[in-house]
There are 2 protein chains.
Amino acid sequence: MDHKDGRSARTKTPGNGEGAARGGYAVGDERRLRILDAAVEHFAQWGFHASSLARIAKDVGITQGGLLHHFRSKEDLLVSVLERSEEHDIERFFSTEFDSAADCFLRLLELVEYNSRRPGRTRMFNVLVGESSDPGHPAHAFFTRRYRKVLRDLSDTLRRGVDSGELKPDTDYLAEAQELIAVMDGFQLQWALEPEWLDMTERLRRYLDRVYRSISTTGAALPPGPAGDADESGR
Amino acid sequence: MDHKDGRSARTKTPGNGEGAARGGYAVGDERRLRILDAAVEHFAQWGFHASSLARIAKDVGITQGGLLHHFRSKEDLLVSVLERSEEHDIERFFSTEFDSAADCFLRLLELVEYNSRRPGRTRMFNVLVGESSDPGHPAHAFFTRRYRKVLRDLSDTLRRGVDSGELKPDTDYLAEAQELIAVMDGFQLQWALEPEWLDMTERLRRYLDRVYRSISTTGAALPPGPAGDADESGR
DNA sequence: GTCTATAGTTCGATAGAC
DNA sequence: GTCTATCGAACTATAGAC
């Protein structure tokens with residue numbers, strides 16, 4: 001109990017030069033990171049309530065008591081997992097503002113492509129988003145906050161697209177953003193159930209293309225993104 | 001153990017005239033139905049693994065032992081809940097084939113409108129769909145079967161729309177159907193998290209309208225459905 | 001058909017040795 | 001930093017009285 005400072009603030013090392021391999025974590029946190037990685041898989045398979053600290057600890061190679069030295073409670077572990085994932089997303093995809101709606105759309109394609117290579121992480125979000133609609137769920141606050149932020153960022157981007165003349169003046173920012181979020185979440189649900197039946201990236205591109213043709217001033221197609229579009233579709 | 005026949009086949013009463021109030025259940029099954037209704041709420045809030053038979057039984061006003069007289073196991077209870085829901089959906093919305101793609105779309109609007117008035121049921125599906133992407137989950141088979149069926153029905157309907165001249169010949173049945181399912185599921189996730197932020201029916205109508213304009217031969221809007229469209233939107 | 005009782009696990013969290 | 005030991009609680013399922 002005396003080892004831990006504020007509620008599970010990651011023990012960063014502010015004085016160590018900042019530029020360590022990736023992200024600025026202290027080297028002594030490796031064990032902590034291994035726990036977080038294992039926890040993702042368990043939360044993905046069992047959800048929060050039915051996951052067990054002992055089983056997670058076993059995956060890491062320690063006991064339940066050892067695990068609770070790093071995270072003061074199960075709930076703390078969940079929140080830490082979510083915050084780390086979100087932080088990672090932000091610095092990987094949303095560290096800079098979007099130049100345009102088209103740029104935003106292409107960035108979302110990259111995100112989905114990334115998610116399709118992280119099945120554990122993606123399934124975890126599917127399970128927890130569903131579970132956390134209950135206000136008493138420990139991740140409820142996290143997901144409501146997250147949805148509001150994503151929705152605001154997305155609709156702001158669309159509004160700027162209208163202001164710049166990229167998008168038609170009568171574009172319904174909010175509705176468009178909510179629909180886009182729905183499509184992404186829905187594809188992830190289907191994909192998690194039977195991954196081989198659905199190429200999320202290709203399907204999202206198809207969706208975004210139609211939307212962009214519909215709301216862009218020129219009616220032009222979405223430009224091909226940097227993400228591998230050269231070989232696979234040929235459409 | 002001797003009271004139950006095959007694995008929880010609902011104890012219908014084939015000899016009682018078939019036309020009883022609704023569905024042909026025996027009157028002695030009221031208790032059973034109350035258990036199923038209570039279970040929906042629990043599976044919605046806790047998922048499968050973390051739901052407890054004792055708590056469900058308490059809601060019904062009996063003990064855990066009493067509950068297990070009606071369902072031989074927790075898993076049996078889950079499957080019974082899902083099958084009953086599906087059966088109900090089918091007889092309420094899909095008892096007859098679709099006349100056209102437009103008819104199908106309007107019927108889906110009714111379904112979503114219905115779902116928005118059954119929050120417990122809808123949340124349960126959100127939670128269980130996420131959980132059941134794990135192949136070991138007791139509802140995994142149910143949801144994969146369900147998705148395949150819905151996908152087939154939907155894409156078949158679109159194909160018939162093409163054949164009849166209602167839809168453009170180059171319509172991609174499968175992609176269109178997968179996207180539509182994604183949109184519906186995604187809206188339900190958002191709605192469950194913060195119901196007041198999203199009118200699912202209105203948003204789905206907006207989506208279907210754009211799709212229909214895009215794939216219908218005439219490029220016409222989706223005709224207004226029988227579902228209350230007269231007063232609320234004015235668009 | 002519902003109850004009580006209970007077997008047999010497993011859980012989260014704490015305390016303390018090393 | 002990790003382990004062992006342990007507490008109190010909750011869980012599913014079964015057995016048997018009524």
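By convention in this document, chain letters (A, B, ...) are assigned in the order of the sequence lines, proteins followed by strands, and residues within each chain are numbered from 1.
- Comparing atom distances between the B:L53 side chain and each of D:dT12, C:dG1, D:dC3 picks out D:dT12 as nearest.
- Distance A:L68 CG to D:dT6 C1': 14 Å, rounded to the nearest Å.
- Following rounding to the nearest Å, A:R34 (CZ) and D:dG1 (C1') show an atom-to-atom distance of 14 Å.
- Listed nucleotides: D:dC3, C:dG1, D:dA13. Nearest to the side chain of A:T63: D:dC3.
- Comparing A:G65 and A:S52 by the nucleotide of DNA chain C whose heavy atom lies nearest to each, the residue mapping closer to the 5' end is A:S52.
- Between B:N126 and B:A192 the shortest heavy-atom distance is ND2-CB, 3.4 Å.
- In this structure, B:L67 places its CG atom 13 Å from P of D:dT14, rounding to the nearest Å.
- We find that NE2 of A:H49 is positioned 12 Å from P of D:dC11, with the value rounded to whole Å.
- Rounded to whole Å, atom P of D:dC3 lies 13 Å from atom NZ of A:K58.
- Closest to the A:A54 side chain, of the nucleotides C:dC11, C:dC3, C:dA13, is C:dC11.
- Ring planes of B:H49 and B:H137: perpendicular class, angle over 60° (limits at 30 and 60°).
- Distance, A:F71 CZ to C:dG12 P: 15 Å, rounded to whole Å.
- Set against D:dA13, D:dC11, C:dG12, the side chain of A:Q64 has C:dG12 as its closest nucleotide.
- Of the N and O atoms on the side chains of B:H42 and B:D59, at least one donor lies less than 3.5 Å from an acceptor on the other residue.
- Among D:dA13, C:dC3, C:dT10, the nucleotide with an atom closest to any side-chain atom of A:R55 is C:dT10.
- Between A:F125 and A:F142, the ring planes are tilted. Angles from 30° to 60° get that label.
- What separates NZ of B:K74 from P of C:dT9 is a distance of 18 Å, to the nearest Å.
- Taking the six-membered ring for Trp and the full ring otherwise, the centers of A:F93 and A:Y114 sit less than 6.0 Å from each other.
- In this model, the phosphate group of D:dC3 is not approached by any side-chain N or O of A:H69 to a distance below 4.0 Å at OP1 or OP2.
- For A:R72 and C:dA15, the CZ to C1' distance is 17 Å, given to the nearest whole Å.
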